[in-house]
Amino acid sequence: MADMEKQYNWKDVESRVYKAWEESGYFSPENSTSGEGSGQFSTIMPPPNANGRLHAGHALDMTLKDILTRYWRLKGKRALFLPGADHAGFETQVVYEKQLEKEGKSRMEMDRESLYKGMYEFTLENKQYMEDDVRALGASCDWSREKFTLDNDIIEKVRLSFVKLYEDGLVYRANRIVNWCTKHQTSLSDVETESEEREDMLYYIEYGPFTIATVRPETIFADVAIAVHPNDARYSEHVGKTVTVKTPIGEQELQVIADDYVDPEFGTGALKITPAHDGNDFEIGKRHNLPMPETINAYGKLTERAGKYAGMNIAQAREAVVADLESMGLLKKKEAYKHVVPFCYKCSRVIEPRIMDQWFVKMESFAKKALEALDSKKIDFLPGNMEKIFRYWMENTIDWNISRQIVWGIKIPVWYGEDGAIHLPKRQKFLLARHGESEANRDKVMGAQNDVALTDTGKEQALELAKSLKSAGISKIVHSPLSRSKESAQIIASELGVSDIEEWSDIAEVNAGEFAGKPIEGKNVLEAALESKDGEKLADLTKRAQAVIERMRAVDTEGTVLVVGHRSFTSVLMSVWAGRNEKYYTADRRRFTFENATYKELEVLIAPKGEGLTEETDVFDTWFSSGQWPYLALGYPDSSDFKTYYPTDVMETGADLIFKWVPRMVFMSAYFTGTEPFKTVYFHGMINDAKGQKMSKSKGNVLSPIELVDEFGADALRMSLVIGNPAGANMALSKDKVKAYRNFTTKIWNAARFVSMNWDESLDVWNASLSAEQQSLFDEFSAAKKSIEDHIQNFRLHLAGEELYHYFWHTFADKVIESQKAAMMGEDSAQKASALKLLGTLLKEQLILLHPFMPFVTEELYQNLPFADKKEFLMIESL
RNA sequence: GCACCUUUAGCUCAGUGGUAGAGCGUCUCAUUGACAUUGAGAAGGCCAUAGGUUCAAUUCCUAUAAGGUGCACCA
């Protein structure tokens, strides 16, 4: 072979090798394995938020998942690593708003459409960067299957999920106190707030015959009652009566109520009740049917109700009210008081509890489902203690607020009548079918837009299809102008007794230009069209499909619509429906199995009709969509991918998502698919800096994975992220560590270089026999290999990586190579052949074993070394 | 307050029922012979503390201490 450089130069290798892999199509499992019976491995990329660049945590995500995917691919499984991107609703909007602020703009001044459009462009741009970063790490994910949470079909399915939950009584709209962020102008769920101990003043105020203690004197204008404990003898004379209290803006009448909630030991044992601005007071207010006036508005300003304080913010109002109370002699005392305050996890502003109409998911039955999945051991948690945390949380759920008052997200599909009645969209079901066998199908020529008739078999198939659809509630049948479609439709219509038949010219088969009527020869109609001079082009097809979708949205019928179309165009229609990039239409076409007289289901939401309906403007909490990701990304409910790759094998994600994401996936999956979304959930910890400090921009200790790849190579970064990093633990990442594994890539490179330098093409190396001593060296490797594989299969990647490292460096390089040097460089050709065989075999085996961890350097060496029986890529070797 | 985690070499961390390992750092030596992005060698740890189980504990159990994380905490 050509002389190798003394050092491995990843900058020349990585992008070239990745491109070759990607273009080979071997990231798609159907291409990388031949056998159907080989089993499958699947994992879904936790959609990285499409609002920035890849960070170290993502890099770890990608690395761990890719190691598993590559390992199982080498083991011969159909291994799918499905890439995705998340619009990340609130997160992205916050990032985008910051950018707007820098430009001196505010989202409050922008209309919904331009704001959405701006964020869409912003997100797509970042999504592109993110994907480049994922490629740079060597992730062997199948880009032809990539999904985005704002793909059209995902949006529709998420909205459909909501409609189904509504129909099943599992979501409801309620006027309830929620967490409100005054900066971001949206409500937040319980997991989107953080809390912190803060020190505030506790003010004791004379309040009629009572003294009450409060940290929020500015809310007294919204007080409606004073509560005491039912057994508190001090106050029993007042209970049930009304008292008059003084405030700086005049007197107000308050009811005195008794409620168990009040702790007679705390403060004065008398509690002012402000239902609009405090969660507990709200509960008490509901129990006692109290009015709930508001004195703080959505922006955290005092309302008209506060008289002269109106318009002040909370801090100003508090100061002013306290000063006035003091001068009126009503302030009895004040003391420093430590308590825990919830705040917005993005801007750290104190959460203002606020009463709003919001949509909630009932958690009780969902939590039960999640716990059942745990009890029946359907999901393994790594590390195991995470299961306890999950369990605890599931046993203490509160209903999940899924309404967000932002524009970046999927709109909640609800309309309200003038009377406030709730109207849901209509679920319109379409069955996209293919005509029966045509003469062209029979003769294996391209039908395309040629008008060929059905064969007798085709007629029978159509009849069979009709019979199978008897209970499908078909009320309308649509066909193309081509007779194979029209004939099929007529057969079905007459069998089902459907009279509403319509011809849609734009669902005709793809125009394959000069290839129409020609023998198929391994090409399909779509591929032929793209190759042909005068056939349809992708852009034309997209346009045509979009027009069909418009028509579908306008359909008005009682039951299900059967669309009798053609194989290639219907597949394009489904790709366009899913919002797929045009370059993947042909990949999709290959994946869809549209046999004659079979169909796929498509459900579309059609806006309710009626006078004066107003559409809901709130969007879903982003976890409502990402919580459904494992099955939606795989094409739930009836795609072949869903059937093949779901449930997935492993979900690998950050420990911080134990509440936010993981439970939602578990219970949504249990509900919609009846099964768990993954068999194992593997949590990784935080990636910290070299000293174990959290990386943050303000500390300036952020290590960018992409810069590290640039400086030391992706393989080195991958190894340094994996080794010494067991499940659940945080890890410290330093440049020195990455550098150490960069040295390891050099070591591998030079060991291979040495063997290659001494290779002798004139010897029959691969048929040489090994001495007993050499055999025992080989056996030593086999033992190491077994142990390494055992570690990988049990998710102990940190140990597998470490053992690989040690075996290669300190056994293979230090011991085995040294022991064979004399023979390899000596004159005895038999001994030389034996030595080369031992070294060559061990090298090849190790490259395969190392490949999941260090894909680039191993692939490059594999391509350049004189191994026997080489595959096209190391990536598809067998282990 | 409750739960969970951590405590091992100077630093960051793996690991193990039979007195311990990595990376970096430190010290010494080696440079035409695959590799100085290297090699050879060295120093450095009663594995937080106290009990218990065991023939044997750094490893299992209990308690304590320190640190961390999460949850809940009422005016």
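All values below were derived from every heavy atom in this structure, side-chain atoms included, with hydrogens, water molecules and symmetry-related copies excluded.
Closest approach to the A:Glu818 side chain among B:C24, B:A14, B:C35 is made by B:C35 (side chain taken as heavy atoms from C-beta onward). Closest to the side chain of A:Asn385, from the set B:C4, B:C35, B:C24, is B:C4. Listed candidates were B:C13, B:U37, B:A14. Nearest to the side chain of A:Gln7 is B:U37. For A:Thr746, the listed nucleotide lying nearest its side chain is B:U37; candidates were B:U37, B:C5, B:C74. Across B:C35, B:U37, B:G23, the shortest atom-to-atom separation from the side chain of A:Asn743 is found for B:U37. The side chain of A:Met757 lies closest to B:A34, out of B:C4, B:A34, B:C74. The nucleotide whose nearest atom lies closest to any side-chain atom of A:Phe659 is, among B:U38, B:U12, B:C71, B:C71. When distances are taken from the side chain of A:Ala729 to each of B:G39, B:A14, B:C5, the shortest belongs to B:A14. Listed nucleotides B:A22, B:C71, B:U37 differ in distance to A:Arg742; the shortest reach to its side chain belongs to B:U37.
Here CG of A:Asp259 is found 9.5 Å from OH of A:Tyr261. Values are rounded to the nearest 0.5 Å.
In terms of position on RNA chain B, the residue among A:Asn758 and A:Val215 whose nearest nucleotide sits closer to the 5' end is A:Asn758. Comparing A:Lys739 and A:Ala270 by the nucleotide of RNA chain B whose heavy atom lies nearest to each, the residue mapping closer to the 5' end is A:Lys739.
Within the 4.0 angstrom heavy-atom criterion, base atoms lie near A:Lys821. Within the nucleic acid shown, A:Leu271 comes within 4.0 Å of at least one base atom, counting heavy atoms only. Residue contacts shown for A:Tyr8 are absent, as no nucleic acid heavy atom lies under 4.0 Å away. Contact annotation for A:Asn396: no contact, since no heavy-atom pair falls under 4.0 Å across all strands. When heavy atoms are screened at a 4.0 angstrom cut-off, A:Tyr805 is found touching the sugar-phosphate backbone but no base atom. No contact: A:Pro383 has no heavy atom under 4.0 Å from any strand. Across all strands shown, A:Thr214 has heavy atoms under 4.0 Å from sugar-phosphate atoms exclusively, and none from any base. Counting any heavy atom pair closer than 4.0 Å across all strands shown, A:Tyr337 reaches sugar-phosphate atoms only and no base atom. At a threshold of 4.0 angstrom between heavy atoms, the contacts of A:Asn750 include nucleobase atoms, whether or not backbone atoms are also involved. Looking at heavy-atom distances under 4.0 Å, A:Met825 makes contact with sugar-phosphate atoms alone, never a base. A:Arg753 comes within 4.0 angstrom of the backbone, heavy atoms only, and of no base. Backbone-only contact: A:Ala740 has heavy atoms under 4.0 Å from sugar-phosphate atoms and none from a base.
Counting non-hydrogen atoms of neighbouring residues, nucleotides and ligands closer than 6.0 angstrom, the CD atom of A:Glu395 exceeds 12 such neighbours.
The aromatic rings of A:Phe744 and A:Phe808 lie perpendicular to each other, with more than 60° between the two planes, well past the 30° mark.
The C1' atoms of B:C74 and B:C4 are separated by 26 Å, rounded to the nearest whole Å. Comparing B:G33 with B:G41, their C1' atoms sit 22 Å apart, to the nearest whole Å. Nucleotides B:G45 and B:G21, compared at atom P, are 14 Å apart to the nearest Å. Nucleotides B:A22 and B:A42 have their P atoms positioned 12 Å apart, rounded to a whole Å. Between B:U62 and B:G67, the distance separating the two P atoms is 22 Å to the nearest Å.
Side-chain contact, A:His684 with A:Asn725: no donor N or O sits under 3.5 Å from an acceptor N or O.
Side-chain to base pairing of A:Asp263 with B:C74: one donor and one acceptor N or O lie within less than 3.5 Å of each other.
One interatomic measurement links the two molecules: CD of A:Glu395 to C1' of B:C2, which rounds to 14 Å at whole-angstrom precision. In this structure, the NZ atom of A:Lys737 is 17 Å from the P atom of B:C11, given to the nearest Å. Between the CG atom of A:Asp259 and the P atom of B:C74 there is a distance of 16 Å, rounded to whole Å.
For A:Tyr741 and A:Tyr805, the distance between ring centers is under 6.0 angstrom.
In this structure, A:Lys6 reaches the B:A36 phosphate: one of its side-chain N or O atoms is under 4.0 Å from OP1 or OP2.
Side chain of A:Arg718 to backbone of A:Phe853: a donor-acceptor contact under 3.5 angstrom is found.
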